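For reference, the structure is listed below as C-alpha cells.
All values derive from a computational prediction rather than experimental measurement. All residue numbers refer to positions in the sequence shown, counting from 1.
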Amino acid sequence: MLSPAQIAVIKATAPVVAANANRITGTFYPLMFERFPEVRAVFNQSHQRSSAQPEALANAIIAYASNIDRLDVLGPAVEGIVQKHVSLNITPDQYKIVGTCLMEAIGKVLGDAVTAEVADAWGAAYWQLAELLIAAEEREYARKAALTGGWRGARRFRIVEKTPESAVITSFRLAPADGGKAMDFRPGQYLGLRLTIDGETVHRNYSLSASPNGRDYRISVKREPQGLVSGFLHDRAQVGDEIDVYPPAGEFVLREGAGPLLLITGGVGQTPALPLAEQALTAGRRVIYVHAALNGSVHAFRQQIEQLAAQHDALKPVYCYAQPQPGDEPHMVGLLDQDRLANLLPKEPGVAAYVVGPKPFMAAVVKALTALGLPDSAIVHEFFGPREALA
C-alpha cells in the first residue's frame, strides 16, 4: 500500500506526467526493446509503428495516476489487462523489466523534476499496480489449468482444417496435438498464439469464431496488408502444422440480461459475434445481427448466419454493403449511419448493443447509438489491439 505521503506526491506530479505521457511511453518502448530484446515478441510491432500501443499505455498511466486514491473505479480496465496478459503468458519477471525501463524513461523525459521523493512514489505506485496484476493473473492461470481440458502456458495445437471464408478471411480449426480435450471458453473470447516465422517469435490474439465444443477451436484470420502473421497463416500454414497456443481469454462476453441483443460488426469484427449470437439465441434472446462489409466478396460467414436464422425465428440478419457488386444482395447500401441504426434499434427495454470492427467504424456506431438514446452501460465494444479511446 502506498503511504499518504506517496499518494500526495503522485497526485501533485500527475499533471506533469500526464502532459509528457506520450513522450515517456515513446521513450520507454525503444529503451525496453533495446535493453531486453526477448520481450519484443510479446508486442505487435505494427501497433508500435502506428503509435497505438504507446498511446494506450500513456492513457493507462494517466488513468492510474488520476485515480491513485480510488483504484476501485479502474476495475473493468484492470480485468481487461489481466485477460490480455494471460493470453500472452506474461510472467512476474517481465514486470521487473517493465518497471525498470518505465522509471528510466520517466527520468530521461522529466530530468531534474524526478527527485528522490518523486522516484520513490512513482516506483511504489508502479509496484502497487504490478503486484495487483500479478496476483490476479496467477489466479486466472491456476483457474484455467484446473478446468477440464485446461492448461497453463503454451500447448501444442495442430491445424486440422483450413477453410477460406471470403476473399480476405480464412478459418483455421485447431485441435490439441496431445489428443486431449480443449477447455471450454466464454463466447466472445480470443485465443493467444505463439509462432516462429523465419526465426522470429511473434504473439497474436485471434477471436474464437465458433462456439465451444470441447474438441477444438476455430479462429478466422483476415489477411492484412503487409501482415506478418496473417500472411504466414494464409500463405504458408497448412493442415497438419503445429503451433503453440495459450488458453482462451478476454472480457468481451455476454452480460446478464434477457432483452434484445443488437450485434453490430464491421469486416472481420464478425468473429467474436458469431458465438455470441448462438449463445444469446440458446438463452432465448432476440438477436439483430448487423454486418457491414465493402461487398459480397469480402463478406464471410453469410451462409452460416442464414442457416442459423433458418433455425431460429428470433434471429434477424441485416447486411449493409458500402459498394455492392453485381449479384450482391445486401439489405442496405451505403454506410451504417444513425438513420439506418435508428430503424434497427429495438424499441423494447433491456436492449444491449455489442459493437466490434475497425476503430473508425466503432467510433461512428457508438456515437450514433448514444445519440439515439442508448446508455453507455448498454453499449459494449471490443478492440483488436491496444485499448484506445474511441472519441
Legend entry - Ring centroid separation Tyr319 to His331 under 6.0 Å: yes
Legend entry - Test item: Asp244 side-chain N/O and Arg156 main-chain N/O as donor-acceptor pair under 3.5 Å: no
Legend entry - Test log, rule side chain to side chain contact (heavy atoms under 4.5 Å, CB included), inputs Val202 and Thr196: CA-CA 6 Å; Val202 290; Thr196 301; over 6 Å; no
Legend entry - Lys144 side-chain N/O to Ala142 backbone N/O, donor-acceptor pair under 3.5 Å: no
Inset, instruction - Classify the side-chain pair Glu165/Ser171 by whether it contains a donor and acceptor separated by less than 3.5 Å. - result: yes
Legend entry - Gln325, CD atom: more than 12 neighbouring heavy atoms under 6.0 Å: yes
Inset, instruction - Would you please say whether a donor-acceptor pair under 3.5 Å links the side chains of Gln307 and Gln311? - result: no
Inset, instruction - Measure from the side-chain N and O atoms of Asp337 to the backbone N and O of Arg340, and report whether any donor-acceptor pair falls under 3.5 Å. - result: yes
Inset, instruction - May I ask you to test the Arg218-Leu208 pair for a side-chain heavy-atom distance under 4.5 Å? - result: no
Legend entry - Exam field: side chain Gln94 to backbone Thr91, donor-acceptor pair closer than 3.5 Å: yes
Inset, instruction - Heavy atoms only: give me the nearest Arg173-Ala210 pair and the separation to one decimal. - result: NH2-CB, 4.1 Å
Inset, instruction - Would you mind checking if Asp235 and Arg223 are paired as a salt bridge, meaning a charged N to carboxylate O distance below 4.0 Å? - result: yes
Legend entry - Approximate separation, where rounding is to 0.5 Å, of Leu369 CG and Leu345 CG: 6.5 Å
Legend entry - Student check: side-chain heavy atoms of Pro187 and Glu278 closer than 4.5 Å: no
Legend entry - Enclosure of Gln303 CD (heavy-atom neighbours >12, cutoff 6.0 Å): no
Inset, instruction - Tell me, yes or no, whether the heavy-atom count around Gln323 atom CD, taken from other residues, nucleotides or ligands under 6.0 Å, exceeds 12. - result: no
Legend entry - Arg286 and Glu348: CA distance, side-chain angles, deciding distance, salt bridge (charged side-chain N to carboxylate O under 4.0 Å, His left out) verdict: CA-CA 11 Å; Arg286 186 158 74 91; Glu348 58 262 51; 2.8 Å; yes
Inset, instruction - Keeping the roles fixed (side chain from Gln189, backbone from Arg186), state whether a donor-acceptor pair exists under 3.5 Å. - result: yes
Inset, instruction - Answer whether the closest heavy-atom distance between the side chains of Met332 and Val318 falls below 4.5 Å. - result: yes
Inset, instruction - Begin from the C-alpha positions of His299 and Tyr321 and carry the test ring-ring contact (aromatic ring centres under 6.0 Å, His included) through to its verdict. - result: CA-CA 9 Å; His299 181 181; Tyr321 291 177; 5.6 Å; yes
Legend entry - Salt-bridge contact Arg143-Glu138 (side-chain N to carboxylate O under 4.0 Å): no
Inset, instruction - Carefully, step by step, assess Ile243 and Arg194 under the rule side chain to side chain contact (heavy atoms under 4.5 Å, CB included). - result: CA-CA 7 Å; Ile243 56 178; Arg194 182 177 70 187; over 6 Å; no
Inset, instruction - Indicate if Ile68 and Val16 have the same hydrophobic cluster label, given that clusters are the connected sets of ILVMFWY residues with side-chain heavy-atom separations under 4.5 angstrom. - result: yes
Going by atom type alone, with no hydrogens or angles, which donor-acceptor pairs under 3.5 Å involve a side-chain atom of residues 253-262 and a protein atom two or more places apart or on another chain?
{"residue": "Arg255", "atom": "NH1", "partner": "Ser377", "partner atom": "O", "Å": "3.3"}

Legend entry - Tyr190 ring center within less than 6.0 Å of Phe252 ring center: no
Legend entry - Between Asp120 and Gln6, a side-chain donor and acceptor under 3.5 Å: yes
Legend entry - Close side-chain approach of Val356 to Val380, heavy-atom, < 4.5 Å: no
Inset, instruction - Output the distance between atom CD1 (Ile10) and atom CG (Leu2), rounded to the nearest 0.5 Å. - result: 6.5 Å
Legend entry - Nearest-0.5 Å distance that lies between atom CD in Gln279 and atom CG in Leu274: 13.0 Å
Inset, instruction - Drop me the distance from Ile197's CD1 to Arg236's CZ, to the nearest 0.5 angstrom. - result: 7.0 Å
Inset, instruction - State plainly whether one hydrophobic cluster holds both Leu133 and Met32, where clusters connect Ile, Leu, Val, Met, Phe, Trp and Tyr through side-chain heavy atoms under 4.5 angstrom apart. - result: yes
Legend entry - Under 3.5 Å: donor-acceptor pair, side chain of Lys162, backbone of His234: yes
Inset, instruction - State, to 0.1 Å, how close Ile90 and Tyr141 come at their nearest heavy-atom pair, and which atoms those are. - result: O-OH, 2.8 Å
Legend entry - Given Val245, Thr271, Leu193, the one that forms side chain to side chain contact (heavy atoms under 4.5 Å, CB included) with Ile219: Leu193
Legend entry - Common cluster, Ile61/Leu132, ILVMFWY with side-chain heavy-atom separation under 4.5 Å: yes
Inset, instruction - Measure from the side-chain N and O atoms of Tyr64 to the backbone N and O of Ala125, and report whether any donor-acceptor pair falls under 3.5 Å. - result: yes
Legend entry - Heavy-atom side-chain contact between Ile97 and Thr100 under 4.5 Å: no
Inset, instruction - May I ask you to decide if Ser209's main-chain N or O and Ser207's side chain share a donor-acceptor pair within less than 3.5 Å? - result: no
Legend entry - Sub-4.5 Å side-chain heavy-atom contact between Glu161 and Asp216: no
Inset, instruction - To the nearest 0.5 Å, tell me how far Leu233 CG sits from Leu195 CG. - result: 6.0 Å
Inset, instruction - Consider only side-chain N and O atoms of His85 and Tyr95, and report whether a donor and an acceptor are under 3.5 Å apart. - result: yes
Inset, instruction - Determine the minimum heavy-atom distance between Val82 and Ala136, stating which atoms define it. - result: CG2-CB, 3.8 Å
Inset, instruction - State whether Asp178 and Arg158 are salt-bridged, where the test is any N-O pair (Lys NZ or Arg NE/NH1/NH2 against Asp/Glu carboxylate O) under 4.0 Å. - result: no
Inset, instruction - Mark yes or no for whether Thr25, through its side chain, and Phe28, through its backbone, hold a donor-acceptor pair below 3.5 Å. - result: no
Inset, instruction - Report the C-alpha distance between Leu341 and Leu336 in whole Å, list the side-chain angles of each, state the deciding distance to 0.1 Å, and finish with yes or no for side chain to side chain contact (heavy atoms under 4.5 Å, CB included). - result: CA-CA 7 Å; Leu341 288 169; Leu336 199 57; 4.0 Å; yes
Inset, instruction - Consider only side-chain N and O atoms of Thr265 and Gln270, and report whether a donor and an acceptor are under 3.5 Å apart. - result: no
Legend entry - Side chain proximity check, Pro247 to Val86, heavy atoms < 4.5 angstrom: no
Legend entry - Same apolar cluster: Leu191 and Val239, side chain cutoff 4.5 Å: yes
Inset, instruction - Indicate yes or no for a side-chain donor-acceptor contact from Asn67 to the backbone of Ala63 under 3.5 Å, with no hydrogens or angles considered. - result: yes
Inset, instruction - Quick one: pull up OG1 in Thr27 and CD in Glu104 and give me the separation to the nearest 0.5 Å. - result: 10.0 Å
Inset, instruction - Of all the heavy-atom pairs spanning Met183 and Tyr217, show the shortest one and how long it is. - result: O-OH, 2.7 Å
Inset, instruction - Might you work through the side chain to side chain contact (heavy atoms under 4.5 Å, CB included) test for Val39 and Phe33, ending with a clear yes or no? - result: CA-CA 7 Å; Val39 304; Phe33 294 152; 4.3 Å; yes
Inset, instruction - Assert yes or no for the condition that the ring centre distance of Trp151 to Phe157 is strictly below 6.0 Å. - result: yes
Inset, instruction - Report yes or no: do Tyr246 and Leu174 belong to one cluster of Ile/Leu/Val/Met/Phe/Trp/Tyr joined by side chain heavy-atom distances under 4.5 Å? - result: no
Legend entry - Worked check of ring-ring contact (aromatic ring centres under 6.0 Å, His included) between Phe172 and Tyr206: CA-CA 11 Å; Phe172 300 82; Tyr206 291 106; 8.4 Å; no
